[in-house]
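Here is the structure we will look at, set down as C-alpha cells.
Proteins come first, then strands; the chains are lettered A, B, ... in the order of their sequence lines, and each starts at number 1. Note: hydrogens, waters and symmetry copies are ignored here, and every other heavy atom, side chains too, is used.
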There are 4 protein chains.
Amino acid sequence: MNDYSFIFHSFQHRKIQNKVEGERVLKNNQKPKYKQIIDAAVITIAENGYHQCQVSKIAKQAGVADGTIYLYFKNKEDILISLFKEKMQQFIQNLSEIIAGKNTAAEKLLLLVENHFRILSEDHALAIVTQLELRQTNKELRLKINDILKGYLQLIDNILEEGIQNGEFAPALDIRLTRQMIFGTIDETATNWVMNDHKYDLVSLAPKIHQLLIHGCGNHH
Amino acid sequence: MNDYSFIFHSFQHRKIQNKVEGERVLKNNQKPKYKQIIDAAVITIAENGYHQCQVSKIAKQAGVADGTIYLYFKNKEDILISLFKEKMQQFIQNLSEIIAGKNTAAEKLLLLVENHFRILSEDHALAIVTQLELRQTNKELRLKINDILKGYLQLIDNILEEGIQNGEFAPALDIRLTRQMIFGTIDETATNWVMNDHKYDLVSLAPKIHQLLIHGCGNHH
Amino acid sequence: MNDYSFIFHSFQHRKIQNKVEGERVLKNNQKPKYKQIIDAAVITIAENGYHQCQVSKIAKQAGVADGTIYLYFKNKEDILISLFKEKMQQFIQNLSEIIAGKNTAAEKLLLLVENHFRILSEDHALAIVTQLELRQTNKELRLKINDILKGYLQLIDNILEEGIQNGEFAPALDIRLTRQMIFGTIDETATNWVMNDHKYDLVSLAPKIHQLLIHGCGNHH
Amino acid sequence: MNDYSFIFHSFQHRKIQNKVEGERVLKNNQKPKYKQIIDAAVITIAENGYHQCQVSKIAKQAGVADGTIYLYFKNKEDILISLFKEKMQQFIQNLSEIIAGKNTAAEKLLLLVENHFRILSEDHALAIVTQLELRQTNKELRLKINDILKGYLQLIDNILEEGIQNGEFAPALDIRLTRQMIFGTIDETATNWVMNDHKYDLVSLAPKIHQLLIHGCGNHH
DNA sequence: AATGAATGAGGATTCATTCAT
DNA sequence: GATGAATGAATCCTCATTCAT
C-alpha cells in the first residue's frame with residue numbers, strides 16, 4: 001500500500017542513487033552519508049537551535065567535511081526539509097500499518113494520537129526539531145513543510161471519512177475544520193510538552209485527548 | 001476588570017509620562033513614537049518576514065532615525081516581544097469586556113473564537129506577524145511569548161471552570177488539555193488561513209469551530 | 001613667576017568668562033561647571049577607560065545634562081585635552097614654586113622626580129588617565145598633548161642648563177637627549193606603577209631614580 | 001640560542017603545517033597568508049591609525065577576503081597583538097645572536113640600543129605602529145603587550161646582571177628600576193623620533209644614549 | 001566522491017553631537 | 001544657560017557556499 005506516493009524524494013541533485021542493490025552492500029558503520037548527515041542534523045539542530053546550528057557543526061557531528069554536505073543537500077534549508085520528509089515518511093508508513101487492521105475510526109484516531117506522541121517521546125531531539133526548530137523558517141519553507149505534512153493530514157481525513165460513513169462521526173462534519181482541530185490539538189499538546197522540557201509523560205495523555213476530540217468539552221450525560 | 005495585570009508595560013526607561021493632558025494635545029502624526037514604531041514594525045515585518053526585516057526598514061517606515069528605535073526598545077527582538085505584548089494586552093482587555101456580560105460558558109467560548117478570528121481578519125499584517133513571524137524565534141524568545149500568552153490562556157481557563165461549575169461542560173474535564181485543544185484548534189485554523197493568503201472568510205468559521213470544540217467529532221444523536 | 005605663559009587656556013568657545021569677580025561670588029557647591037565636568041571626567045575615564053567612557057557618563061557623574069558638556073568643551077577630545085592642560089598647569093606652577101628656592105640642579109631634579117610621583121600617588125584616577133588613557137588617542141591629539149607637555153619639559157631643560165653652567169652636570173650634555181632620558185625614565189616608572197595597580201609606593205622610588213639619572217648604571221668608584 | 005622560548009606562536013588553530021618542504025615551494029607572492037596579513041596590517045595601521053584602520057582595509061592590502069582574516073586571527077585586536085608578538089620574537093632572536101659573542105655588558109647595552117633603533121629606522125611603518133598605535137588600546141590589551149615585552153626586558157635584565165657580576169655596573173643597582181630607565185629612555189627617544197616624522201637619524205643617537213645610561217647626566221671628571 | 005581553505009555579502013547597534021524648547 | 005530626545009554614520013564579524021585539489 002502506498003496512498004502516500006505524493007511523498008517522493010526530491011533528490012534530483014543527489015549524485016549516487018540509493019539503489020536497493022547499493023544499500024545491500026553497505027556495512028553497518030557505512031550507512032549512507034545521506035542518513036548519516038540527517039541523523040547528525042537532528043542532534044545538532046536540537047542542541048543548538050536551527051539558526052545557531054552552523055552547517056559546519058552538522059558536518060563535524062556527521063564526521064564529514066563541510067563540503068560533503070553539499071553533495072547530498074542543496075543547501076542548509078534542504079537539510080531541514082529532507083530531515084522532516086524522511087522522518088515523516090517513516091512515520092506515515094508505520095502509522096498506516098498500525099491502523100490498517102482496526103475496525104473503528106475511533107480506534108484508529110486513538111492509535112494516531114498515541115503513535116504521534118510515542119514517536120516524539122522516543123526521540124526528544126526529533127521532537128525539538130519538529131515542534132520548535134522547523135517553525136523558525138520563512139513562509140516559503142513553511143509551504144514546503146505543509147506539503148510534506150499533507151500525507152499525514154490525508155491519513156486523518158481518511159479516518160474522518162470512514163467514521164462518517166460508518167456512523168461513528170457526525171454526518172455533517174466539516175472534514176477540513178475537524179482535521180485542523182485534531183492536528184491543532186495534537187500539535188499544541190506536543191509543543192507544550194517540548195516547551196516544558198519533556199518533563200511529563202506525553203503518551204499517557206493520548207486517551208484523554210482522544211476523548212476530547214470525539215466528545216468535545218460539552219457535558220453529554 | 002483586569003485580572004491580567006501581569007501584562008504590564010516593560011518600558012521602564014521611557015521618560016515621557018503618558019499624561020492624559022499630554023496625549024490630548026498630540027496630533028495624529030505625533031502619536032507617541034513607541035506606538036509609531038510598533039505599528040511600523042507590524043507592517044514591515046509582515047511584508048518582509050522577521051529575518052529579512054532590517055531595523056532600518058522599520059525606522060524608515062516609522063519615520064524616525066535608526067537610533068531612535070533604541071531609545072524605545074532594547075534590541076530588535078524586543079520590538080517583536082513588545083509588539084505582541086501591546087497587541088495581546090489590547091486584545092485581552094477587549095475580549096474581557098465583550099465576554100463580561102454573557103451568561104453561559106458556551107456563549108463566552110463562541111465569542112472568544114469569533115473575536116480571536118475577527119482581530120486577525122481586521123489586520124492581515126498583524127495576523128502574519130503573530131501566526132508566522134513570531135514563531136521564527138529561538139526557544140528563549142518563545143518562552144517570553146508564552147509568558148505573554150498566559151493572560152489569554154487564563155481567559156480560556158476561566159471559561160472552562162465556569163462551564164464545569166454550571167454544568168455546561170463535562171465535570172471531569174482536564175482543564176489544561178482542554179485549553180490546549182481550544183487554543184490549538186483556533187491557532188491551527190488561523191495559521192492555515194494565513195498560509196492560504198487569507199483567501200476565505202475566517203470569522204464565519206467560528207460557529208463550526210465552536211460546535212466542534214463543544215461536541216467533538218463524535219455522532220451524538 | 002610664569003615662564004610657562006605658553007600654556008594658555010584655549011577656551012575660545014567657553015561662553016562664560018571665569019572672571020575673578022565671577023568666581024568670588026560662587027558658593028563651594030557651585031564651583032564652575034567647567035571644573036565640575038573636568039573632575040567628573042577624570043573619575044569616569046579612569047574607571048571606564050577613555051573609549052568606554054561615553055560623554056553621557058561624564059555628564060551624569062558631573063550632574064549636568066549631556067548637552068551642557070558642549071557649552072564648555074568643543075568635543076569629547078577637548079575634555080581630555082583640557083583636563084590634561086588644567087592639571088599640568090597646576091602641576092607646573094606648584095613645581096616651579098617648590099624648586100624656586102633650591103641651590104643645586106641635582107636637588108631640583110630630585111624634587112622634580114619626587115613631586116611628579118607624589119602628584120600621581122595622591123590621585124590614582126589622574127594617574128590612570130595620564131599614564132594610560134591619554135595615550136589612547138591618535139597622532140593629532142598626541143601632538144596637542146606634547147604641546148601641553150612642553151612646559152614641563154622646559155622645566156627639565158632649565159634644570160639641566162643650570163646644572164651644566166654650575167658644573168654639576170657634564171658640560172657636553174645633549175640637553176634634548178638627557179631630557180628624554182629623564183622624562184622617559186619617570187614616565188616608564190610611573191606607567192609600570194599604574195599597570196601594577198599602584199600596589200607599591202611610588203614616591204619612595206624617587207631617590208634611587210634620581211641617583212640613576214645622575215650617575216647612570218655604571219660603576220664609578 | 002633561544003632563551004626566549006616563552007614567546008611561541010599563539011596560532012593554534014592553523015591547519016597548515018609549516019613544513020620545510022611546503023615553504024620551499026612557495027613563490028614570493030604565495031607567502032603564508034598569516035604573514036601576508038600581518039605585513040598588510042603594519043602598513044595599513046601605520047597609514048590610517050589603528051582605530052581608523054578597518055579590517056576590510058587590511059584585507060584589501062593583503063589581497064585576501066575579509067573573512068580570511070578571521071581564519072588566522074580571532075579578531076581585530078588579535079591582529080595587533082600577533083603583529084607585535086611576531087616582530088618582537090624576530091627582534092629578540094636577532095638581538096640575542098648579535099649580543100651573544102660580546103664580552104662586556106656595556107658593549108651589549110650599546111648593541112641593544114643601536115639595534116632597537118635600527119629595527120625602527122628600517123621600517124618606519126612598524127615604528128609608527130609600535131610607538132603610537134599599539135598604545136591606543138585598553139588596559140587589558142596593554143597587559144598582553146607587556147607580556148610580550150617581557151622577553152625583551154629579560155634581555156636587558158640579563159645584561160644588567162652580567163654587568164654587575166663582572167664589576168662594570170654598580171653593585172647596588174636596582175635591576176627593575178635600571179631596566180625601566182633603559183627601556184623608558186629608549187622608548188621615549190624612539191617615540192619622539194616618530195612624532196617628529198623620522199626627520200633625523202635615530203641610530204646615530206645610540207652612542208650618546210648609551211653614554212647617558214652608563215654615566216648619567218652627572219659630571220664625573 | 002571527498003575535502004576544507006577561501007570567499008564576501010550583509011546588518012544590528014553605539015554614541016558623539018545637535019538643537020528646539 | 002540648561003536640557004535631553006533625536007539623530008545617523010560607521011563597521012566588525014559570521015557563516016553558507018564554492019571549487020581547486
Side-chain angles (χ1 to χ4, degrees), chain A residues 14-16 32-34 51-60 62-79, chain B residues 13-16 32-34 37 51-60 62-79, chain C residues 14-16 32-34 51-60 62-79, chain D residues 13-16 32-34 37 51-60 62-79:
Chain A
R14 212 166 144 198
K15 305 292 164 47
I16 301 177
K33 286 213 163 55
Y34 174 74
H51 285 115
Q52 312 316 322
C53 175
Q54 294 82 348
V55 171
S56 60
K57 268 188 193 156
I58 299 177
K60 198 172 183 183
V64 300
D66 293 16
T68 305
I69 301 270
Y70 291 86
L71 298 175
Y72 294 91
F73 300 91
K74 209 162 60 225
N75 50 36
K76 188 183 172 185
E77 219 172 52
D78 188 39
I79 303 175
Chain B
H13 61 291
R14 209 166 148 204
K15 299 294 165 39
I16 301 177
K33 288 212 162 51
Y34 176 74
I37 292 166
H51 285 115
Q52 309 316 319
C53 173
Q54 296 84 344
V55 172
S56 60
K57 269 187 192 156
I58 299 177
K60 198 170 183 182
V64 300
D66 292 17
T68 305
I69 301 270
Y70 292 87
L71 295 176
Y72 295 90
F73 301 91
K74 210 163 67 238
N75 50 36
K76 188 183 170 187
E77 214 173 56
D78 189 38
I79 304 176
Chain C
R14 210 166 147 201
K15 302 293 164 47
I16 301 177
K33 286 212 164 54
Y34 174 73
H51 286 114
Q52 311 318 320
C53 175
Q54 296 81 348
V55 172
S56 60
K57 268 187 191 154
I58 299 176
K60 199 172 181 181
V64 301
D66 293 16
T68 305
I69 300 270
Y70 291 87
L71 298 174
Y72 294 90
F73 300 90
K74 209 162 61 227
N75 50 36
K76 187 183 171 185
E77 218 172 52
D78 188 37
I79 303 175
Chain D
H13 62 290
R14 209 163 148 205
K15 299 294 166 38
I16 302 176
K33 289 212 160 50
Y34 176 74
I37 292 166
H51 285 115
Q52 309 316 319
C53 173
Q54 294 85 345
V55 172
S56 59
K57 268 187 192 156
I58 299 176
K60 198 170 183 182
V64 301
D66 291 17
T68 304
I69 301 271
Y70 293 88
L71 295 176
Y72 295 90
F73 302 90
K74 210 161 67 239
N75 49 39
K76 188 181 170 186
E77 212 172 58
D78 189 38
I79 303 176

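- A straight line from CG of B/L71 to C1' of E/dT13 spans 12 Å, rounded to a whole angstrom.
- Each of C/S56 and A/G67 has a nearest nucleotide on DNA chain E; the 5'-most of these lies closest to A/G67.
- In this entry the distance linking OH of A/Y70 with C1' of F/dT17 reads 5 Å, nearest Å.
- Each of D/E77 and B/V64 lies near DNA chain F, and the nucleotide nearest B/V64 is the one positioned closer to the 5' end.
- E/dA12 atom C1' lies 15 Å from atom NZ of B/K74, rounded to whole Å.
- Residue C/K60 contributes atom NZ, which lies 15 Å from atom P of F/dT3 at whole-angstrom precision.
- Look at NZ on B/K76: it is 14 Å from P on E/dG10, rounded to the nearest Å.
- For E/dA1, there is no paired base (Watson-Crick or G-U wobble, both distances below 3.5 Å).
- Between B/V55 and B/Y70 the shortest heavy-atom distance is CG2-OH, 3.6 Å.
- Proximity of D/K33 to the phosphate of E/dA5: no side-chain N or O atom is located under 4.0 Å from OP1 or OP2.
- Below 30°, between 30° and 60°, or above 60°: for D/H51 and C/H51 the angle between ring planes is between 30° and 60°, a tilted geometry.
- Ring geometry, D/Y72 versus D/Y34: the interplanar angle falls from 30° to 60°, so the pair is classed tilted.
- The minimum heavy-atom distance between B/Q52 and B/K57, with the atom names listed, is O-NZ, 3.4 Å.
- Mapping A/V55 and B/I69 onto DNA chain F via the closest heavy atom, the residue that lands nearer the 5' end is B/I69.
- One interatomic measurement links the two molecules: CG of D/D66 to P of E/dA5, which rounds to 19 Å at whole-angstrom precision.
- Rounded to an integer number of Å, the gap from D/I37 CD1 to E/dA6 C1' is 11 Å.
- Separation of atoms CG (C/D78) and CD1 (C/I69) is listed at 11.0 Å; rounding is to 0.5 Å.
- Straight-line distance from the CD atom of D/Q54 to the P atom of F/dA10: 9 Å, rounded to whole Å.
- The side chain of A/Y72 contributes no N or O atom lying less than 4.0 Å from OP1 or OP2 of E/dA1.
- Pair assignment for E/dT21: F/dA2, on the basis of Watson-Crick or G-U wobble contacts that are both within less than 3.5 Å.
- Between B/T68 and the phosphate of F/dA6, there is no side-chain N or O to OP1/OP2 separation shorter than 4.0 Å.
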